[in-house]
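I have placed the structure first, in the form of structure tokens, so that the comments after it can refer back to it.
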Amino acid sequence: MNKKIKTEAVDHLFDAILSLEDRDECYKFFEDICTVNELLSLSQRFEVARMLRHQKTYMDIADKTGASTATISRVNRSLNYGNDGYDMVFSRIEDPQDLEEGQE
């Protein structure tokens, strides 16, 4: 874990996120706390990670998400050398059969 981001303020933010109960609450909170562009950037990175896990090519990912190859590469580096945060979340939300079949 990056010690630079482990602060009391970040703990408070994460506690707030963990208090959200459903998608509607997430929309309300994130629309207040993020700009539209910030939220779209976060969701784009998450979609890039999902597509990389499904073995999609950089070209396919760029075409579908509009992400630059630099962004795709950065997300790929996090998937391969990061803190396994993406893997942790994907293991909780994806059907394992989807990965086996390479579905989106």
Side-chain angles (χ1 to χ4, degrees):
M1 182 180 320
N2 188 336
K3 290 180 172 85
K4 292 179 182 179
I5 68 165
K6 180 117 177 75
T7 67
E8 186 176 355
V10 173
D11 284 348
H12 291 160
L13 173 63
F14 290 163
D15 289 343
I17 292 168
L18 289 168
S19 77
L20 300 172
E21 295 182 5
D22 58 30
R23 188 174 291 153
D24 186 55
E25 287 187 2
C26 289
Y27 272 101
K28 289 176 182 177
F29 180 72
F30 280 95
E31 283 182 44
D32 282 351
I33 199 165
C34 295
T35 65
V36 170
N37 286 338
E38 289 168 337
L39 189 52
L40 292 175
S41 291
L42 289 171
S43 63
Q44 180 188 65
R45 286 185 209 133
F46 192 76
E47 183 67 8
V48 166
R50 192 180 69 77
M51 292 180 75
L52 285 167
R53 281 179 51 97
H54 288 278
Q55 307 300 312
K56 301 299 181 190
T57 66
Y58 275 36
M59 189 63 75
D60 288 340
I61 296 168
D63 286 345
K64 179 157 192 223
T65 67
S68 69
T69 54
T71 295
I72 298 167
S73 179
R74 208 166 28 248
V75 171
N76 194 43
R77 190 169 47 251
S78 291
L79 282 170
N80 291 314
Y81 306 108
N83 293 311
D84 298 324
Y86 282 117
D87 290 334
M88 176 183 59
V89 169
F90 287 132
S91 72
R92 294 176 183 171
I93 66 171
E94 285 189 335
D95 181 350
Q97 190 173 355
D98 287 347
L99 285 177
E100 291 172 14
E101 296 173 4
Q103 298 176 353
E104 284 186 43

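The structure displayed is predicted, hence computed values, not measured ones.
- The distance from the CD atom of Gln44 to the CG atom of Asn37 is 10.5 Å, given to the nearest 0.5 Å.
- Note that CZ of Arg74 and CG of Leu79 are 13.0 Å apart. Values are rounded to the nearest 0.5 Å.
- Counting heavy atoms from C-beta outward, Arg53 and Asp87 have side chains that approach closer than 4.5 Å.
- By the ring-ring contact (aromatic ring centres under 6.0 Å, His included) test, Tyr58 pairs with no residue at all, sequence neighbours left out.
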Exercise for review: Would you please test Tyr86 and Leu52 for side chain to side chain contact (heavy atoms under 4.5 Å, CB included) and show each step?
Suggested key: CA-CA 11 Å; Tyr86 282 117; Leu52 285 167; over 6 Å; no
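- The side-chain contact (heavy atoms from CB on, under 4.5 Å) test applied to Phe14 returns Val10, Ile17, not counting sequence neighbours.
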Practice item. Could you walk me through whether Asp11 and Lys6 pass side chain to side chain contact (heavy atoms under 4.5 Å, CB included), step by step? Key: CA-CA 7 Å; Asp11 284 348; Lys6 180 117 177 75; 3.4 Å; yes
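- Rounding to the nearest 0.5 Å gives a distance of 8.5 Å between CZ of Arg50 and CD1 of Ile93.
- In this structure Asp24 satisfies the salt bridge (Lys or Arg N to Asp or Glu O under 4.0 Å) test together with Lys28, sequence neighbours excluded.
- Interatomic distance, CD1 of Ile33 versus SG of Cys26, reported as 12.0 Å (0.5 Å rounding).
- Closest approach of Ile72 to Val48, counting heavy atoms only: CA-CG1, 3.9 Å.
- No single ILVMFWY cluster, assembled from side-chain heavy atoms under 4.5 Å apart, contains both Leu20 and Leu42.
- Put simply, the side chain of Thr65 does not reach to within 4.5 Å of the side chain of Arg45, judged on heavy atoms.
- Evaluation of the salt bridge (Lys or Arg N to Asp or Glu O under 4.0 Å) rule for Asp22 yields no partner, not counting sequence neighbours.
- More than 12 heavy atoms of other shown residues, nucleotides or ligands fall within 6.0 angstrom of atom CZ in Phe29.
- With rounding to the nearest 0.5 angstrom, the CG atom of Asn76 is 12.0 Å from the OG1 atom of Thr71.
- Residue Met88 comes nearest to Ser91 through the heavy atom pair O-OG, 2.7 Å, listed as atom of the first residue, atom of the second, then distance.
- The distance from the NE2 atom of His54 to the CD1 atom of Ile61 is 10.5 Å, given to the nearest 0.5 Å.
- Partners of Asp63 by side-chain hydrogen bond (donor to acceptor under 3.5 Å, both in side chains), not counting sequence neighbours: none found.
- One N or O on the side chain of Glu25 and one on the backbone of Glu21 form a donor-acceptor pair closer than 3.5 Å.
- With sequence neighbours excluded, the residues forming a side-chain contact (heavy atoms from CB on, under 4.5 Å) with Ser43 are Leu40, listed by chain and number.
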